[in-house]
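Written below as C-alpha cells is the structure these notes are about.
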Amino acid sequence: MHVAIIGSGIAALGTAIRLRAKGMDVSVFEANDTPGGKLHSFELGAFRFDGGPSLFTMPHFVDELFTIAGRDPKEYFNYVRSAEACRYFWQDGKQIYASSDPTKFASDAERIFRFPATDLLEYFDHVKNIYDRSARIFLERSLHKASTWLSSDTLRALSQIRKYDLFHSMHRANTIRIGEPHLVQLFDRFATYNGSNPYKAPGILNVIPWLEHGFGTFFPKGGMSEIPRSLHRLATDMGVQFHFGQKVERIVVKGGHVKGIMVRGQHIATDRVVSNMDVFHTYRKLMPDQKAPERILSQERSSSALVFYWGINGSFEETGLHNIFFGKDYKEEFGALFDRKDISEDPTIYVNVSSKLEPNDAPAGKENWFVMVNAPSDDGQDWKNITQRVRKTVIQKLSERLGKDIGPLIIEEKIWDPSGIAADTLSYQGALYGNSSNDQFAAFLRHPNFSRRIEGMYFCGGSVHPGGGIPLALLSGKITAELMH
Ligand SMILES: Cc1cc2nc3c(=O)[nH]c(=O)nc-3n(C[C@H](O)[C@H](O)[C@H](O)COP(=O)(O)OP(=O)(O)OC[C@H]3O[C@@H](n4cnc5c(N)ncnc54)[C@H](O)[C@@H]3O)c2cc1C
C-alpha cells in the first residue's frame with residue numbers, strides 16, 4: 001500500500017509515522033524546503049526565533065509517536081515542564097504570574113483579586129470533568145463514523161451534555177462561574193487558542209485552560225521547532241520518503257477513486273492520498289473538478305496573527321517565557337477581529353521570550369521577543385497600514401508597562417502578517433486554526449478526516465477534525481491513521 005501525504009505540517013509528520021508503523025509505504029511531498037509548516041524557525045542576526053507556535057502542551061501526544069515506533073523518545077526529543085504558565089498584566093496595574101499548579105494559582109489569585117481559592121479550584125474541577133467526559137468523543141475519534149456514536153462511553157457522555165456549558169458562550173460561563181473581571185478576562189483568553197471569540201464560542205471550550213493548568217505547560221529543549229525536526233528524524237529513520245520543495249499541483253481522481261498526484265507536471269501513482277494542505281485549498285486548487293462540501297468550506301475562519309520578531313538590546317526581569325498584556329475592552333477587541341475584520345486600537349499583546357529558557361537564542365544581555373497580536377483572517381485588508389499603526393501602539397504600551405522606551409532597543413526586526421502566513425503555509429486567509437469555533441456546533445462543521453465521495457482520500461491537520469493547535473493537529477493525524485487500512 002503506497003500513501004502520498006501532501007505537506008509536512010505537524011499533523012502530517014504524525015500521520016506518516018503512524019502509517020509507516022503499520023507497514024505502509026509512505027512518501028511526503030512538501031512545498032517548502034523544511035518540515036513543520038507553521039512550526040518553523042529562523043535566525044535574525046545573532047537571534048534565533050520560532051516563527052509560529054510558542055506554547056507546548058500535551059507532550060505525551062509527541063512521545064506516543066516515538067513509542068509506537070519502538071523508540072525511546074528521549075533519544076530524539078527532550079522537554080522541561082514549566083512551573084509558571086504565563087505572566088498576565090492589566091492596565092490597572094494588577095498582575096499575576098500564573099502557576100501551572102492549580103492550587104498555587106488559586107491561592108495567588110485569592111491574594112491578588114480577593115477571589116476565594118476554593119471557588120477557583122471548583123472551577124478547575126468543573127472544566128476537568130468536562131474534559132474527562134468529552135475529550136474521547138469530541139477530540140480523539142472521528143465524529144463522522146457511526147461506531148463513535150454507538151459506543152457506551154459516548155452514550156454515557158451524551159447523557160451529561162447539559163453539564164458541558166454547550167449552550168452558554170465561554171464568556172457567559174466564566175461570568176457565571178467566576179465573575180471577578182480580571183479572572184474572567186484571563187479565562188476568556190483561552191478562546192484564542194483555537195482562534196475564536198469568547199463571546200460566541202461555546203462554554204465547553206473552557207476545557208482549554210485545563211490543558212495548561214492540569215496537564216501543564218512545557219518547553220522543548222532547543223525550541224519549538226525541535227518538535228517537527230525530531231519527528232522528521234524519526235520518520236526518516238523509519239523509512240518515510242520526504243520530497244522537499246515539491247508542491248503538489250493536483251490530486252488525480254478517476255471513477256471516484258484516488259489514482260495519484262501531480263507534482264511538477266509528473267504523475268505519481270498512489271493508492272491513498274492524505275492532504276495536510278488546508279482543506280479549502282485542497283478542494284479548490286488540487287481537486288477543482290470534484291464536488292466540494294460548500295457548507296464546511298464557507299464557515300467563518302479562525303483568527304490569524306500579526307507577529308513582530310524583535311531582537312532586543314536589553315533584558316527585562318518583569319517578563320517570563322509567556323506574557324500577556326491585556327487590552328482594556330475585550331469585547332470591543334473581539335468585535336474588531338470578527339465583525340470589523342480589523343485589529344482594535346487597544347489590542348491585547350502576547351510576548352514570548354524563548355531566550356529566558358534557551359540562552360543561546362540571543363546574545364548575552366539581549367532577548368529575542370516574539371510579539372503577537374490577534375489579527376482577523378486575511379480578507380485583502382491594507383496590512384501595511386494596519387501593521388504600522390499596531391507597531392506604534394504595541395511599542396507605546398509595552399514601554400509604558402515596562403517603564404522603558406523599547407523602540408530604540410529593537411535592533412533586529414521581521415514581521416509576519418496574515419497575508420504572509422497565508423502565502424508561506426498555504427493556509428486559506430492565513431487562519432491559524434482552520435475554521436473558528438464561534439458556533440456551538442462548530443465541532444460538527446469541521447471537515448471529516450476522510451472523504452465520503454472519493455475512495456482513498458484522507459485529510460489531517462488544523463483545518464479538519466478535531467481542529468488546530470499542536471495537540472489537536474496531532475490527534476487529527478491519529479484519527480486519520482486509524483481510519484486507514
Ligand atoms: C503565529 C502562530 C502562532 C501559533 N501559536 C500556537 C501555539 O502557541 N500553540 C499551538 O499549539 N499552536 C499554535 N499555532 C497553531 C499551529 O501552528 C497549527 O495549528 C499547526 O501547526 C497546524 O499544523 P498542520 O499539520 O495543520 O500543518 P501546517 O503547519 O499548516 O502545514 C501545512 C504544510 O503543508 C504544506 N503544503 C500545503 N499545500 C501543499 C501542496 N500543495 N504541496 C506540498 N506541500 C503543501 C505547507 O507548505 C505546510 O508546510 C500557531 C500558529 C501560528 C502561525
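No experiment lies behind these values; they were computed from the predicted model shown. Order of listing sets the numbers, starting from 1, for every ligand and every atom in it.
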Sequence neighbours excluded, which residues qualify as side-chain hydrogen bond (donor to acceptor under 3.5 Å, both in side chains) partners of Lys356?
Thr319, Glu367
With Trp210, which residues qualify under side-chain hydrogen bond (donor to acceptor under 3.5 Å, both in side chains), at least two apart?
none
Is there any protein N/O under 3.5 Å from an N/O of ligand 1, and what does the full list of such pairs look like?
unit_1: ligand 1; atom_1: 8 (O); unit_2: Ser54; atom_2: N; d: 3.1
unit_1: ligand 1; atom_1: 8 (O); unit_2: Leu55; atom_2: N; d: 3.0
unit_1: ligand 1; atom_1: 9 (N); unit_2: Leu55; atom_2: O; d: 3.2
unit_1: ligand 1; atom_1: 11 (O); unit_2: Ile470; atom_2: N; d: 2.7
unit_1: ligand 1; atom_1: 19 (O); unit_2: Gly469; atom_2: N; d: 2.7
unit_1: ligand 1; atom_1: 25 (O); unit_2: Ile10; atom_2: N; d: 3.4
unit_1: ligand 1; atom_1: 25 (O); unit_2: Ala11; atom_2: N; d: 3.0
unit_1: ligand 1; atom_1: 25 (O); unit_2: Asn276; atom_2: ND2; d: 3.0
unit_1: ligand 1; atom_1: 26 (O); unit_2: Gly462; atom_2: N; d: 2.8
unit_1: ligand 1; atom_1: 29 (O); unit_2: Lys38; atom_2: N; d: 2.8
unit_1: ligand 1; atom_1: 30 (O); unit_2: Lys38; atom_2: NZ; d: 2.7
unit_1: ligand 1; atom_1: 41 (N); unit_2: Val248; atom_2: O; d: 3.1
unit_1: ligand 1; atom_1: 42 (N); unit_2: Val248; atom_2: N; d: 2.9
unit_1: ligand 1; atom_1: 44 (N); unit_2: Ala31; atom_2: N; d: 3.0
unit_1: ligand 1; atom_1: 47 (O); unit_2: Glu30; atom_2: OE2; d: 2.7
unit_1: ligand 1; atom_1: 47 (O); unit_2: Asn32; atom_2: ND2; d: 3.3
unit_1: ligand 1; atom_1: 49 (O); unit_2: Glu30; atom_2: OE1; d: 2.7
unit_1: ligand 1; atom_1: 49 (O); unit_2: Glu30; atom_2: OE2; d: 3.0

Any chance the side chains of His232 and Tyr76 put a donor and an acceptor closer than 3.5 Å?
no
Counting N and O atoms only, with roles assigned by atom type, does the side chain of Asn449 sit under 3.5 Å from a partner on the main chain of His465, one being a donor and the other an acceptor?
yes
Non-neighbouring partners of Arg229 that pass salt bridge (charged side-chain N to carboxylate O under 4.0 Å, His left out), sequence neighbours left out
Glu226
Roughly how far, to the nearest 0.5 Å, is the CD1 atom of Ile470 from the CG atom of Leu55?
7.5 Å
